[in-house]
There are 2 protein chains.
Amino acid sequence: MEFFEKTGKFAIGSRLRMLNEKISKDAPEIYRLFNVELQPKWFPAFHVLSQGEEKTITQLAKEIGHSHPSVSKIITEMSKKGLVTEKKDEEDKRRNIVTLTEKGREISEKIAFQYQDVNATVEEMLAQTENDLWKALGEWEKLLEQKSLLERVIEKKKERESKMVKIVEFKPEYKQAFRDLNVEWINTYFKMEAADYKALDHPEEYILSKGGYIMVALLEDVPVGVCALIRMDDDPDYDFELAKMAVSPKAQGKSIGKLLGQAIIEKARSVGASKLYLGSNSILKPAISLYHKLGFRMIEGRTSPYVRANVHMEMNLN
Amino acid sequence: MEFFEKTGKFAIGSRLRMLNEKISKDAPEIYRLFNVELQPKWFPAFHVLSQGEEKTITQLAKEIGHSHPSVSKIITEMSKKGLVTEKKDEEDKRRNIVTLTEKGREISEKIAFQYQDVNATVEEMLAQTENDLWKALGEWEKLLEQKSLLERVIEKKKERESKMVKIVEFKPEYKQAFRDLNVEWINTYFKMEAADYKALDHPEEYILSKGGYIMVALLEDVPVGVCALIRMDDDPDYDFELAKMAVSPKAQGKSIGKLLGQAIIEKARSVGASKLYLGSNSILKPAISLYHKLGFRMIEGRTSPYVRANVHMEMNLN
DNA sequence: TTATTTTGCGTAATCAGTTACGTAATTGGT
DNA sequence: ACCAATTACGTAACTGATTACGCAAAATAA
């Protein structure tokens with residue numbers, strides 16, 4: 001299919017489907033060729049049963065990787081053709097125990113040649129190709145077991161998007177964004193406090209001029225996240241408080257908080273700080289989890305000028 | 001899936017289907033993740049249209065490798081969502097010309113990132129495997145284009161079965177089979193003639209004792225085909241007539257005729273014959289085609305003791 | 001022991017594709 | 001110039017799978 005060469009890997013699902021279709025279109029003919037009165041779709045269940053043991057519907061479903069209603073239907077069909085018998089389990093009356101009949105066993109012998117020839121054909125085809133389809137399928141099954149395609153795509157998306165985010169130092173033109181982004185999230189969870197207004201309305205005066213820092217995350221040159229490092233003159237244990245971290249809800253899911261956090265910690269380190277403090281609230285689970293990832297640890301028995309702070313964390317920079 | 005390791009290559013169809021299923025289960029989520037209001041099944045048609053040109057239903061179907069009713073449905077659905085417009089071709093009023101709308105074009109821009117991320121994800125997965133699934137799929141498509149799975153299996157079957165056929169010299173115990181196999185086919189197409197009875201009822205007397213030969217094809221020690229080499233004393237041009245070739249209808253499709261023919265020609269050669277004759281009838285197309293394959297050429301203007309012979313062939317053994 | 005949860009499995013609805021078929025328009029052969 | 005064959009495409013029926021749902025039996029918890 002030329003189409004696939006043009007669309008690229010995006011269409012791998014379609015491609016699998018179409019190859020499967022080409023192959024399974026021949027399947028009924030092949031059964032007819034060998035005079036085996038079996039529908040191709042019966043094969044997986046039939047094959048498991050022909051190993052000799054009796055099985056329940058759900059056991060079969062699990063082994064062949066189908067849904068149980070699918071197996072249920074298949075077994076009813078085979079039962080009608082006299083290939084299997086169903087009987088209720090005496091001990092557990094919900095169970096439907098399926099066994100191959102005499103006729104079923106005869107067919108399973110007859111199918112051996114077909115099995116052998118098809119296998120040999122496929123092996124021959126595999127030998128004629130450079131890339132082993134069979135092994136490749138196995139490898140993909142394993143990869144997808146470890147992590148689904150969706151999860152992988154989510155990661156890729158984040159990776160790309162976080163590459164588009166730039167972290168820069170505060171400039172006067174970001175003053176409005178610094179205020180707005182913070183006001184937005186504070187108001188969704190809490191109420192603005194006096195200390196908030198001071199710092200957010202006058203960042204130069206209350207943060208920067210006192211030796212603090214503000215970093216801004218830009219997405220396509222638009223500020224979408226901010227974070228501040230505020231000098232702590234009142235407590236000699238700490239150099240800075242990490243505060244005023246806010247990310248626009250529109251830019252969520254791009255690891256912007258993480259990037260900002262990493263950048264601001266790097267900044268603290270570069271100016272010689274050795275210990276940081278931060279106050280947060282226990283209802284902000286994702287934020288606290290982020291702080292943990294950045295290297296902060298919980299501490300007990302501190303107070304903060306903010307009413308909303310009921311969780312206290314610190315981080316050593318050495 | 002452990003199941004596939006147990007069943008072997010026979011289940012390659014199932015395996016393709018299941019991998020496809022795992023992948024396509026994630027597809028709608030991925031579209032949602034990127035905020036693209038497109039159904040996964042629309043993608044192939046959508047992608048072709050987003051290349052810019054307008055297309056008819058059948059053109060689309062051919063390009064994406066679906067049936068036209070499938071495309072027809074997909075286009076109606078997309079049309080309802082305002083992604084495409086349909087309009088009748090003025091020149092050929094049967095044609096339904098499909099174009100992307102403004103909204104469709106917007107989505108096609110939005111999808112670019114999704115496309116890019118999914119592609120990158122798949123590439124990454126391919127890089128993590130030893131056997132390249134993508135290339136393998138391409139190779140299989142090519143192989144199946146050249147020769148379908150069914151054709152390949154038929155060949156394999158013949159190959160195996162012809163290995164089970166043994167060609168042996170005549171023994172008295174095969175006398176009945178020699179007669180029955182010939183009577184059966186002669187009576188289905190023609191009527192038995194006097195010359196037939198002579199040779200078939202008394203092969204020792206009329207064939208072997210005059211320096212002729214009979215070969216028998218055995219399938220699991222049961223005679224399923226016979227063929228004779230009859231001395232031609234009346235015509236100095238030829239050493240033998242190849243005659244009385246008969247294969248049981250139950251054993252058709254196993255190249256038994258070919259094996260018998262090759263064996264008897266080999267026999268003729270080994271006893272120093274240099275030219276063979278045979279007479280047949282023009283309605284026996286497969287037989288004549290077999291004689292051609294064995295090396296016989298048509299000749300004109302001969303007669304034969306058999307009424308049914310209206311085709312005459314010969315073969316040089318040098 | 002009794003109430004709740006889990007399990008086994010059958011039925012119904014849905015889904016994404018297919019083949020079969022019918023109709024109308026166009027093309028081609030005589 | 002006309003009749004037959006071919007083409008475009010929509011509708012309907014079918015297919016092989018799935019998810020959703022519900023009931024009864026068994027297992028578990030209170």
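Per chain, numbering begins at 1; letters A, B, ... match sequence-line order. Since this is a predicted model, take the numbers as computed values, not measurements.
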Would you classify A/Ser70 as touching base, sugar-phosphate or nothing, given that sugar-phosphate means primed atoms plus P, OP1 and OP2, and contacts are heavy atoms under 4.0 Å? base
Ignoring hydrogens, what is the shortest heavy-atom contact between B/Pro28 and B/Ser24? Give both atom names and the distance. CD-O, 3.4 Å
In whole angstroms, the gap separating P of D/dA17 from CH2 of A/Trp42 amounts to 12 Å
Whole-Å distance between C/dC9 C1' and A/Lys87 NZ? 17 Å
Nearest-angstrom distance from the residue atom NZ of A/Lys93 to P of D/dA27: 12 Å
Nucleotide nearest B/Thr58 (side chain, heavy atoms from C-beta), chosen from D/dA17, C/dT19, D/dC9: D/dC9
With under 30° as parallel and over 60° as perpendicular, where do the rings of A/Tyr31 and B/Phe10 fit, or are they tilted in between? perpendicular
At under 4.0 Å between heavy atoms, what does B/Glu91 touch on the DNA or RNA strands: base, sugar-phosphate, or nothing? sugar-phosphate
Residues A/Arg15, B/Glu141: salt bridge by 4.0 Å N-O rule: yes
Residue pair A/Asp92/A/Lys73 against DNA chain D: nearer the 5' end by closest nucleotide is A/Lys73
Near A/Lys88 NZ, under 6.0 Å, is it more than 12 heavy atoms from other residues, nucleotides or ligands? yes
Taking the side chain of B/Ile74 as its heavy atoms from C-beta onward, which of C/dG17, C/dG10, D/dG10 lies nearest to it? C/dG17
Check this for me, if you would: do B/Glu77 and B/Lys80 make a salt bridge, where the nitrogen-to-carboxylate-oxygen distance has to be below 4.0 angstrom? no
Could you list the protein-to-nucleotides 2-7 of chain C atom pairs, N/O on both sides, closer than 3.5 Å?
residue, atom, partner, partner atom, Å
C/dT7, O2, A/Arg94, NH1, 2.5

Closest to the 5' end of DNA chain C, once A/Gln59 and A/Glu21 are matched to their nearest nucleotides, is A/Gln59
Rounded distance in Å - NE2 (B/His68) to C1' (C/dT18): 12 Å
B/Leu16 CG to D/dG16 C1', straight-line distance once rounded to whole Å: 16 Å
Is the closest basic N to carboxylate O distance between A/Arg152 and B/Glu124 below 4.0 Å? no
Most 5' of B/Gln39 and A/Lys25 on DNA chain C, judged by nearest nucleotide: B/Gln39
Please check the phosphate of C/dC9 (OP1 and OP2 only) for any side-chain N or O of A/Ser72 closer than 4.0 Å. no
Looking at A/Lys135 and B/Glu130, does any basic side-chain N land under 4.0 Å from a carboxylate oxygen? no
On the nucleotide C/dG8, are OP1 or OP2 found under 4.0 Å from the side-chain N or O atoms that A/Asn96 carries? no
Which part of the nucleic acid, if any, lies within reach of A/Thr56 when heavy atoms closer than 4.0 Å are counted: base, sugar-phosphate only, or nothing? sugar-phosphate
A/Lys88 atom NZ is separated from D/dA24 atom P, nearest whole Å, by 13 Å
Reading DNA chain D from 5' onward, which residue's closest nucleotide shows up sooner: A/Asp89 or A/Lys41? A/Lys41
Atom CD of residue position A/Glu155 - does it have more than 12 heavy atoms of other residues, nucleotides or ligands inside 6.0 Å? yes
Per atom distances to the B/Pro69 side chain, the nearest of C/dA20, D/dC9, C/dC9 is C/dA20
When the distance from CG of B/Asn20 to P of D/dT18 is rounded to whole Å, what number comes out? 12 Å
Whole-Å distance separating the NE2 atom of B/His66 from the C1' atom of C/dC15: 14 Å
